[in-house]
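Data block below; observations after.
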Amino acid sequence: MLEIKNLHARVNPEEGEAKAILKGVDLTVPAGEVHAIMGPNGCGKSTLSYVLAGHEGYEVTDGSVSFLGEEMGELEPEERAAKGLFLSFQYPVEIPGVPTLTFLKEAANAQLKARGEGEISAPEFMKFARENAAKLGISSEMLKRPVNVGFSGGEKKRMEIFQAMMLSPKFLILDETDSGLDIDALRVVADGVNALRSPERGMLVITHYQRLLEYLKPDVVHVMADGRIVKTGGPELALELEAEGYEKFTGAAA
Amino acid sequence: MGVAPQLSAFEAALAASLPAGELRAALETAGLPHRRIEAWKWSDLRAALAKAPARAGMLSVNASRKADEITTLDRQPDLLMPRLAAGLSEGCPVYALKDGESLSLDFEGSEGASHHIAAVNVPAGVSATLHERYRVVAGGFANIALRIVLGEGATLTRIVEQDASPNGVLVVTTGIDLSPRAKLHQTTLGFGAKLARLETHITHAGEGAQLVLGGSYLVASGLHLDQTGIVRHTGTNGATRELFKGAAAKGGRGVFQGKIHVEQAAQKTDAQMNHRGLLLGDGAEIYAKPELEIYADDVVCAHGNALGAVDDEALFYMRQRGLSEARARAVLTRSFLAEPLDAIEDETVREALLARLDAALEAVS
């Protein structure tokens, strides 16, 4: 479903020199599978999620990404979104003055339009919103508030999963969705993510800790260090990392 | 006093249309306001009118009702532009508002130069609305002066709409007196002109009087909107809240000059002024000059001013959810600009102004 080959990317800051961050990532996530990427801070995990989503601050210098058999190349972020790629942000952005449901309805319709499908009706959308909000314990009052404004870290992450449910993407990237969550919030978010698992949907879960993976039970765990995948294994790899730390991998990558 | 300027053909004709006297001499000596005058440094009226046709123009004033009387002002304005408006108008219509009344004044200037003055009185204890709308077409110049007096405990909601007038020049100078315990809530929605200046001078008597002054502006390419506001607190316990938010597209120019002046007698004044500007592209211009001038020692006064661009991370976030870049920009700009308009209490008026803002945003993006 998602195929990343020899991906090299660098960040082009407004000031200062470009810096290579991804240095040859190879990764394949078939439909129906959940893959985790673990790695120390600064290894390139979050950069990978931004590059996959088409962030303009990063430049792909080599390699390729294909999604559903189609090269992502230079596609705009909104084109990738319309193809079914959803990124749950590590730091969801606040958008004052724009009510959450208004925003999501517009996003959903923009994606439908880009795919040549008809718009979703308002009653249908509201019904779907109520169902999904109930699954995540989100109140109708929260949905009326502007996107992410005044929400706690945990609430923002819950809203990210809510947005994913509303947009029904084909592929989810969860960037450090567990950061800033206490154990109860973590469980709610993980239940939401598990509800999104399906044979047609792939997921890439980026995390620093093993904690989230206890709930999500990934099919495959990758270890990333210095801009590459340095080891791939089963769920036991996450436990190994938790017990022994990242040092032996960062050492191996040096 | 410097060397007498070379008057433009427009200024010379304007001077010639005035009777000999102080006003004519003032115009002949100094000419129209221009960029070397501090208060007009970002709005060069002289340059904007240098090639304008000097003949008398047409100004249609559509009022929702007849004036109560036509009179002459008991006191001439101090500033040149309203003085010209007074000097070149035939009498001054006066509207005395009744409780619960909503008066609308719709001004349209067309080809040629026109001058007009009007007065609105809100008697003590009366609560009313004044809704003005300004546009100038066909290369015209409209110079309008308004005099508004709020009596004790009077409440006025003033809405000012200034339509995009790419071929026109507009100067509106409003002098407002706020009596003790009076309340004024003024909101402007402006889109600029070849040059437009909305200048407001408010004398704030305090004693529980409250002023809420706000506005949104959006200037497209080739348009210029200057909002200059001076609030003078003269009595104790006055409150002022100002919030102006504006956006300029590439080639558009916004100007905000705000001053709060607190006289020594105006102890316990509580005044805040904020201006936020959004630059929508390279070559967009917003100039801001917020000033506090305080002579009383027991006051709470603050001002803030910030200029920036649309937040890239917010743009990326919205695009990741499927909105086009143009649409994401428009949504962010709209939510930024809507804040001063959201404070309008009357839902119908608020929605109408927001709809105008949306239409203008659509045209800009």
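Interface remark: A:Ser88 contributes backbone atoms only to the contact with chain B (heavy atom separation under 4.5 Å). Heavy atoms of A:Ala53 lying under 4.5 Å from chain B belong to its backbone as well as its side chain. With a 4.5 angstrom heavy-atom cutoff, B:Ala314 touches chain A via backbone and side-chain atoms both. Neither the backbone nor the side chain of B:Glu339 has a heavy atom closer than 4.5 Å to any heavy atom of chain A. In this structure, the portions of A:Leu87 lying under 4.5 Å from any heavy atom of chain B include both its backbone and its side chain. Using a 4.5 Å cut-off between heavy atoms, A:Glu79 does not touch chain B at all.
Comparing A:Ala81, A:Ala164, A:Pro169 by heavy-atom pairs within less than 4.5 Å of chain B, the highest count is held by A:Ala81. Chain A forms more heavy-atom pairs under 4.5 Å with one residue of B:Met318, B:Arg334, B:Glu325 than with any other, namely B:Met318. Considering only heavy-atom pairs separated by less than 4.5 Å from chain B, the leading option among A:Arg80, A:Gln111, A:Glu160 is A:Glu160. Counting heavy-atom pairs closer than 4.5 Å to chain B, the top-ranked of the candidates A:Val147, A:Val93, A:Asn109 is A:Val93.
Around atom OH of A:Tyr91, no more than 12 heavy atoms belonging to other residues, nucleotides or ligands sit under 6.0 Å away. Within 6.0 Å of atom NZ in B:Lys183, 12 or fewer heavy atoms from other residues, nucleotides or ligands are found, so the atom counts as exposed in its surroundings.
Between B:Phe316 and A:Tyr50, the ring planes are perpendicular. Angles over 60° get that label, and only those under 30° would be called parallel.
Distance check: B:Tyr317 OH to A:Glu94 CD gives 10.0 Å after rounding to the nearest 0.5 Å. A distance of 13.5 Å separates CZ in B:Arg321 from CD in A:Glu78, rounded to the nearest 0.5 Å. Once rounded to the nearest 0.5 Å, the distance linking CZ of A:Phe89 with CD of B:Gln320 reads 5.5 Å. Considering CZ of B:Arg319 and NE2 of A:His55, their distance stands at 9.5 Å, rounded to 0.5 Å.
A salt bridge links B:Arg327 to A:Glu106: at least one charged side-chain nitrogen sits closer than 4.0 Å to a carboxylate oxygen.
Across all their heavy atoms, B:Leu323 and A:Ala107 have their closest contact at CD1-CA, 3.5 Å.
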